[in-house]
Structures are given as C-alpha cells and as structure tokens.
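Written out below as structure tokens is the structure these notes cover.
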Amino acid sequence: MNSKQYKEIIRPFLSDQRFRHSVYVAEECVALASRFGVDEKKAETVGILHDIMKEKPKEEQLKMMENSGIILTDEERSAPKLWHAKCGSLYMKNVLHIEDEEMLNAVRYHTTARPHMTQLDKVLFVADFISLDRDYKGVEALRDAARESLDKAVLDGLVFSIQCLTESHMAIHPDSIAAYNWAVKTCKD
C-alpha cells in the first residue's frame with residue numbers, strides 16, 4: 001500500500017486534529033529518515049499509522065489486547081494513554097497484514113521508547129515529539145536536537161518525557177526507564 005491508501009484507512013478512526021497530527025508525523029518521519037539514512041517508505045508508513053487506535057474507546061483497546069494475549073503490567077493498566085501503541089501494532093499486523101517486525105515495533109514503542117532502539121524506532125519516537133503541530137514549551141529545543149543528532153534527540157526526548165511524568169507525579173513505564181539508561185550510555189556525544 002502507499003501513503004495515500006494508509007491515510008484513507010486511518011481517516012475514519014481519527015478526529016481532524018489527530019489525523020493532521022498523523023500526517024505531520026509522517027512528514028517529519030520522512031525528513032528524519034532522509035537525513036539519517038532510514039528507509040523513507042517505512043518511516044512514512046509508521047508515521048501515518050502510529051496513532052490509528054489512539055481515539056478508540058479504552059474498553060475496545062483493552063479487549064483488543066486481552067484477545068491477543070497481551071497481559072498488561074500494573075504500570076500499563078494504570079496508564080491507558082499508552083495502550084494505543086500496542087493496539088496500533090496489533091491492528092497493523094492482524095488487519096493490515098504488515099509483517100515487518102521493525103515497523104510493528106516502532107509503533108508499539110513510540111510512546112515509551114525501549115532500550116536498543118532501531119533507527120526506525122528513533123525516527124518515529126522523535127517525529128512524534130517534534131511534528132509541525134507540536135507547540136509545547138521546549139519543542140524548539142527538541143527540534144534543534146533532531147537537526148544535530150537523532151541520538152541526541154532521543155535522549156533529550158526521554159529526559160523531557162520523564163521530567164513531565166515526574167512533575168505530574170505519574171508512574172514511568174519501565175521501558176522508558178530502560179530506554180533512558182540505554183540512551184545515556186549509547187547516545188551521548
């Protein structure tokens with residue numbers, strides 16, 4: 001399938017704002033992929049599809065994961081805003097018949113990150129932070145980091161995310177902590 005077909009697939013799933021976000025993330029994925037030597041078609045596809053399940057009711061997301069044998073940890077169960085990543089990966093595999101594990105994992109871990117991220121994982125993780133529609137305090141610094149180094153942008157994105165969670169007294173997913181510990185060792189300049 002091409003990007004136009006994927007956009008047609010996600011359209012009924014998403015509000016106008018979320019659809020625009022997905023298109024902007026896909027565009028940023030292509031730009032980052034081009035800059036850092038990642039497959040642009042894969043990057044565009046994961047960018048378009050990354051939030052396909054984001055606006056599905058939480059009960060549907062939970063049922064989808066349970067039906068697929070996914071057992072949520074206590075941290076995951078208490079953070080339903082993370083569920084769409086696993087559900088998106090499941091939808092890609094089970095409905096869209098995408099078998100590429102790298103693409104499936106990029107979507108699965110785009111909210112939490114993970115240690116030993118592939119370049120495609122990094123591209124989607126960073127693109128989601130810095131897409132054109134993002135206007136939060138600190139986004140320009142993350143955009144600057146992405147222009148400098150994909151690894152620096154990943155590390156800075158993890159720091160930003162973890163700080164936001166701790167300031168809000170929210171649990172931090174173990175994958176994010178492990179990703180941060182990995183990135184500190186491997187993504188330093």
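The model shown is predicted, which means the values in this text are computed figures rather than measured ones.
Ser89 OG to Met103 CE: the interatomic distance, rounded to the nearest 0.5 Å, is 10.5 Å. Between Lys56 atom NZ and Leu14 atom CG the span is 9.5 Å, to the nearest 0.5 Å. Put simply, CZ on Arg18 and CZ on Phe13 are 15.0 Å apart, with the number rounded to the nearest 0.5 Å. With rounding to the nearest 0.5 Å, the separation of NZ in Lys81 from NZ in Lys58 is 10.0 Å. With values rounded to the nearest 0.5 angstrom, Glu27 atom CD is found 7.5 Å from Leu132 atom CG. In this structure, CE on Met92 lies 5.0 Å from CG on Leu49, to the nearest 0.5 angstrom.
Using a 4.5 Å cut-off on side-chain heavy atoms (C-beta onward), Asp51 and Val25 make no contact. Between Glu60 and Met53, every side-chain heavy-atom pair lies at or beyond the 4.5 Å cut-off. Residues Asp39 and Gln119 fail the side-chain proximity criterion, which asks for heavy atoms closer than 4.5 Å. You'll find the side chain of Leu62 reaches within 4.5 Å of the side chain of Leu72, heavy atoms only. Using a 4.5 Å heavy-atom threshold, the side chains of Thr118 and Asn105 count as separate. The side-chain heavy atoms of Phe129 and Val139, taken from C-beta on, include no pair separated by under 4.5 Å. Counting heavy atoms from C-beta on, the side chains of Leu104 and Arg108 never come closer than 4.5 Å.
Side-chain heavy atoms closer than 4.5 Å link hydrophobic residues (I, L, V, M, F, W, Y) into clusters, and following such links, even through other members, never connects Val107 to Val30. Linking ILVMFWY residues whenever their side-chain heavy atoms come closer than 4.5 Å, directly or via other members, places Tyr91 and Met1 in the same cluster. In the hydrophobic clustering of this structure, Phe36 groups with Ile130; members are Ile, Leu, Val, Met, Phe, Trp, Tyr whose side-chain heavy atoms approach within less than 4.5 Å, directly or through other members. When the side chains of ILVMFWY residues are joined at heavy-atom separations under 4.5 Å, either directly or via intervening members, Met170 and Ile177 end up in a single hydrophobic cluster. Linking Ile, Leu, Val, Met, Phe, Trp and Tyr whenever their side-chain heavy atoms come within less than 4.5 Å leaves Leu90 and Leu82 in two separate clusters.
In this structure, the side chain of Ser78 engages the main chain of Glu75 through a donor-acceptor pair within 3.5 Å. Between the side chain of Thr166 and the backbone N or O of Gln163 there is at least one donor-acceptor pair closer than 3.5 Å. With hydrogens and angles disregarded, a donor-acceptor distance shorter than 3.5 Å links the side chain of Ser68 to the backbone of Met64. The main-chain N or O of Gly157 is never found under 3.5 Å from a side-chain atom of Ser161 such that the two would form a donor-acceptor pair. When atom types are taken as modelled, the side chain of Asp144 and the backbone of Ala141 share no donor-acceptor pair closer than 3.5 angstrom.
Ring geometry for Tyr136 versus Phe160: interplanar angle of 30 to 60°, hence tilted. Ring planes of Trp182 and His116: tilted class, angle from 30 to 60°.
Across all their heavy atoms, Thr112 and Ser176 have their closest contact at O-OG, 2.8 Å. Contact detail for Ala113 and Phe125: the closest heavy-atom pair is CB-CE1, 3.8 Å. Closest non-hydrogen pair, Cys87 versus Met65, comes out as SG-CG, 3.7 Å. Glu101 and Lys93 get closest at one heavy-atom pair: OE2-NZ, 3.9 Å. Looking at every heavy atom in both residues, Ser22 comes nearest to Ile48 through CB-O, 3.6 Å. Cys29 and Gly47 make their closest contact through SG-CA, 3.9 Å (heavy atoms, listed as atom of the first residue, atom of the second, distance).
No option in Lys54, Glu55, His21 other than Glu55 meets the side-chain hydrogen bond (donor to acceptor under 3.5 Å, both in side chains) test with Ser15.
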Salt bridge (charged side-chain N to carboxylate O under 4.0 Å, His left out) between Arg77 and Asp74, intermediate numbers included: CA-CA 5 Å; Arg77 194 166 284 283; Asp74 289 341; 5.9 Å; no
Checking Ile52 against Ile9 for the side chain to side chain contact (heavy atoms under 4.5 Å, CB included) test, could you report, in this order, the C-alpha distance in whole Å, the side-chain angles of both residues, the deciding distance, and whether it holds? CA-CA 9 Å; Ile52 190 169; Ile9 288 170; 4.1 Å; yes
Does Leu150 form a side chain to side chain contact (heavy atoms under 4.5 Å, CB included) with Val126? I'd like the steps, not just the answer. CA-CA 8 Å; Leu150 189 58; Val126 171; 4.0 Å; yes
Does Tyr109 form a side chain to side chain contact (heavy atoms under 4.5 Å, CB included) with Met117? I'd like the steps, not just the answer. CA-CA 9 Å; Tyr109 294 102; Met117 293 171 78; over 6 Å; no
Give the intermediate values and the outcome of side chain to side chain contact (heavy atoms under 4.5 Å, CB included) for residues Glu76 and Ile70. CA-CA 11 Å; Glu76 291 169 332; Ile70 292 176; 5.7 Å; no
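Remark: Arg11 is positioned above the aromatic ring of Phe19, its terminal NZ or CZ atom under 6.0 angstrom from the ring centre and at most 45 degrees off the axis.
Between the side chains of Ser131 and Asp133, at least one donor-acceptor pair of N or O atoms lies under 3.5 Å. For the residue pair Gln61 and His84, no side-chain donor N or O sits within less than 3.5 Å of a side-chain acceptor on the partner.
Ionic pairing of Glu66 and Lys63 is not present here: no N-O contact between side-chain nitrogen and carboxylate oxygen is shorter than 4.0 angstrom.
Atom CD of Glu8 sits in a crowded spot, with more than 12 heavy atoms from other residues, nucleotides or ligands closer than 6.0 Å.
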